[in-house]
Amino acid sequence: MTIDEQQISAELRLMAGEARPVDGLAHATRARNAAVRRRRASWSVAGLAAAASVITSVLVMTSGGSGQVAAARVEHLPANTPEQLRSVRECMPKGSPVHNMDGNRRMTQYGTVKDFRELVEYRDKGGSTALVGSLSGFVLCTPTTQKENQPRAVFTYWGFKAPGSLTGFPGPLQVDAYTSHDHSYTVGPDQAEKDDIYRIVVGRVTTDVRRVEIDWADGRRTDARLANGFFIARVPGKLIPDPDDGKDAVGEPPTLLDSPPVTVTAYGPGDQVLKRDKGVAFGPLGRGAE
C-alpha cells in the first residue's frame, strides 16, 4: 500500500497546532424546532489520533453542464486536504458524531474524525454547509464563529440502516437527507445573537449525472454542488407560526420551519432527465442510527 507522507505530515502538523430515531416525518419539523429551543436555552453552557494509512479514491471525472464536476459512484473516500481535515475536526469537536439531543454524548460507534471526509460543500453569501461522510454514513457541517453554538454532528447511515452502504442505491440518484441546519452568529455593536436556518438536501449520484436541481416548492430552484459522486444544496429557510403547538409566554404561537416536500431531479448529457424524485419529505438527521 502506498503511504502519502505529505498528507500524514499535514495531519500531524494540524494536530500539533491544535494540541492544548425518530422517523415519524409528520412530526419531524416540530421535533426539530423543540430541539432548537432546548439548544437556545443552553447557549450559556460551554460545551485524534492521526491515521497512518490513506484511503484512496477511484473516480471517473466528467465535466458538468453548469461548470461543475460529477464523479462516478465510489467505493472509497477521497483523502481530506489539510483545510478539509481542519473543517472536519471543527465540525466534530468531541472527536466523533454526537447524540442528536446531547452534544456532549459522543457516539464513537459511528466512527471518529479520522474516518470522515469532506465530500462536497455548498457555499453562498450566508456561509456554507458541507456533507462529511465515512464509509458507513454522514454528518452535516455548518461552520460558525460561535463554537458553542456549532450544530450537532448527528450521524445518519447511508441507506438509513446499519452498516451503511455507499454503493447500495438503485439508479442514478439517491437523496440521503432533506433536513435543516442552523447558523448562529452575532451582529451589530451590541453583539445581538441571530440564527439563520437553512433547508438542505444532500445525496449521491452516478457518473452519468451532470446536474442536480432542487425545486423547493416555494418558487425557488437551486442547482446543487456536485463532487466525488455526492451533491448538496441549501436555501435560507422561513419560520411560520405553529398553530398546533399552543402558545408561548406572551400568547403567541411558537414558530416552525416551513418545509414542504421538495422535488430533486438528476440530469444527464444534453440536460435530459435521468431521474426525478417528487414529494421528498422533510425529516430529521439520524435515520437508522441511535
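Just so you know, these numbers use all the heavy atoms, side chains as well, and skip hydrogens, waters and symmetry mates. All residue numbers in this chain count up from 1 along the given sequence.
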*Asks:* Examine distances only and state if a side-chain atom of Arg287 and a backbone atom of Phe160 form a donor-acceptor pair shorter than 3.5 Å.
*Replies:*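 Not confirmed, Arg287 side chain does not pair with Phe160 backbone.
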
*Asks:* Any idea which heavy atoms bring Glu213 and Arg221 closest together, and the distance?
*Replies:*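 Closest approach of Glu213 to Arg221: OE1-NH1, 3.1 Å.
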
*Asks:* At their closest point, which heavy atom of Ala153 faces which heavy atom of Met92, and how far apart are they?
*Replies:*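 Smallest heavy-atom distance, with atoms named: CB-CG, 3.6 Å.
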
*Asks:* With a 4.5 Å limit on heavy-atom distance, are the side chains of Phe169 and Thr206 in contact?
*Replies:*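 The answer is yes; the side chains approach within 4.5 Å.
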
*Asks:* Examine Tyr198 and Leu131 and state if one hydrophobic cluster contains both, with Ile, Leu, Val, Met, Phe, Trp and Tyr joined whenever side-chain heavy atoms are less than 4.5 Å apart.
*Replies:*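 In one cluster: yes.
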
*Asks:* Is there a side-chain contact between Val201 and Val175 in this structure, where contact means two heavy atoms from C-beta onward sitting under 4.5 Å apart?
*Replies:*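 Yes, side chains in contact.
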
*Asks:* Do Thr156 and Asp176 have side-chain heavy atoms sitting under 4.5 Å apart?
*Replies:*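 Counting from C-beta outward, Thr156 and Asp176 never come under 4.5 Å.
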
*Asks:* Are Thr142 and Asp182 side-chain neighbours, meaning at least one heavy-atom pair lies under 4.5 Å?
*Replies:*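 No, their side chains stay 4.5 Å or more apart.
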
*Asks:* Measuring from Thr265:OG1 to Asp223:CG, what's the distance to the nearest 0.5 Å?
*Replies:*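 Those atoms lie 10.5 Å apart.
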
*Asks:* Treat each ILVMFWY residue as a node, draw an edge where side-chain heavy atoms are under 4.5 Å apart, and state whether Val113 and Val139 are in one component.
*Replies:*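 Both belong to a single hydrophobic cluster.
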
*Asks:* Once you round to the nearest 0.5 Å, how far does CG of Leu256 lie from CD1 of Ile240?
*Replies:*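 One gets 5.0 Å once the value is rounded to the nearest 0.5 Å.
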
*Asks:* Okay, side chain of His183, backbone of Gly126: is any donor-acceptor separation there less than 3.5 Å?
*Replies:*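 Looks like yes, one N/O pair under 3.5 Å.
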
*Asks:* Can you give me the closest heavy-atom contact between Thr129 and Ile232, atom names plus distance?
*Replies:*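 In terms of heavy atoms, the two residues are closest at O-CD1, 3.3 Å.
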
*Asks:* Indicate yes or no: at least one non-hydrogen side-chain atom of Arg220 is less than 4.5 angstrom from one of Pro236.
*Replies:*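 Counting from C-beta outward, Arg220 and Pro236 do come under 4.5 Å.
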
*Asks:* Closest heavy-atom contact between Arg152 and Asn100?
*Replies:*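 Of all heavy-atom pairs spanning Arg152 and Asn100, the closest is NH1-O, 3.6 Å.
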
*Asks:* Would you check if Ile214 and Val280 make a side-chain contact, meaning some heavy-atom pair closer than 4.5 Å?
*Replies:*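 Heavy-atom side-chain distance check fails, nothing below 4.5 Å.
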
*Asks:* Please answer whether the main-chain N or O of Glu83 pairs with a side-chain N or O of Asn80 as donor and acceptor at a distance below 3.5 Å.
*Replies:*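 Side chain of Asn80 to backbone of Glu83: no pair is present.
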
*Asks:* Any chance you could measure Glu90, atom CD, to Leu85, atom CG, to the nearest 0.5 Å?
*Replies:*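 Between atom CD of Glu90 and atom CG of Leu85 there are 10.0 Å.
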
*Asks:* Atom CD1 in Ile200, atom OH in Tyr122: separation rounded to 0.5 Å?
*Replies:*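 The distance works out to 11.0 Å.
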
*Asks:* Can you name the residues that form a salt bridge (charged side-chain N to carboxylate O under 4.0 Å, His left out) with Glu121, not counting sequence neighbours?
*Replies:*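 Per chain and number, Glu121 pairs via salt bridge (charged side-chain N to carboxylate O under 4.0 Å, His left out) with Arg123.
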
*Asks:* Could you give all pairs that pass the ring pair (Phe, Tyr, Trp, His ring centres under 6.0 Å) test and reach residues 87-117, with sequence neighbours left out?
*Replies:*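 Found Tyr110-Phe155, Tyr110-Tyr157.
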
*Asks:* When rounded to the nearest 0.5 angstrom, what is the spacing between CG in Leu257 and CZ in Arg199?
*Replies:*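 Rounded to the nearest 0.5 Å, the CG-CZ separation comes to 7.0 Å.
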
*Asks:* Between Val212 and Leu226, does the side-chain contact (heavy atoms from CB on, under 4.5 Å) criterion hold? Intermediate values first, please.
*Replies:* CA-CA 8 Å; Val212 174; Leu226 276 74; 4.2 Å; yes

*Asks:* Taking the six-membered ring of Tyr267, is the NZ or CZ of Arg210 close enough (under 6.0 Å from the centre) and on axis enough (within 45°)?
*Replies:*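 No, Arg210 does not lie over the aromatic ring of Tyr267.
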
*Asks:* Under 4.5 Å between any side-chain heavy atoms of Asp218 and Asp258, yes or no?
*Replies:*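 A side-chain contact under 4.5 Å is absent here.
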
*Asks:* Closest approach of Leu135 and Trp158, non-hydrogen atoms and distance?
*Replies:*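 Between these two residues, the closest heavy atoms are O-CD1, 3.5 Å.
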
*Asks:* Glu118 and side-chain contact (heavy atoms from CB on, under 4.5 Å): which single residue from Pro78, Ser87, Cys91, Cys141 fits?
*Replies:*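 With Glu118 as partner, Pro78, Ser87, Cys91, Cys141 yield a single side-chain contact (heavy atoms from CB on, under 4.5 Å), made by Ser87.
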
*Asks:* How many angstroms lie between CG in Asn104 and CZ in Arg106, if you round to the nearest 0.5 Å?
*Replies:*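 Interatomic distance, Asn104 CG to Arg106 CZ, rounded to 0.5 Å: 11.5 Å.
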
*Asks:* Under a 4.0 Å N-O cut-off, is there an ion pair linking Arg234 with Asp196?
*Replies:*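 Not counted as a salt bridge, because no side-chain N and carboxylate O are separated by less than 4.0 Å.
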
*Asks:* Give the intermediate values and the outcome of side-chain contact (heavy atoms from CB on, under 4.5 Å) for residues Leu77 and Leu119.
*Replies:* CA-CA 8 Å; Leu77 299 176; Leu119 303 173; 3.9 Å; yes

*Asks:* Tell me the closest heavy-atom pair linking Leu173 and Val205, and the distance in Å.
*Replies:*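 Taking every non-hydrogen atom into account, CD1-CG1, 4.0 Å.
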
*Asks:* Is any side-chain heavy atom of Phe231 less than 4.5 Å from a side-chain heavy atom of Val264?
*Replies:*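 Yes, their side chains come closer than 4.5 Å.
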
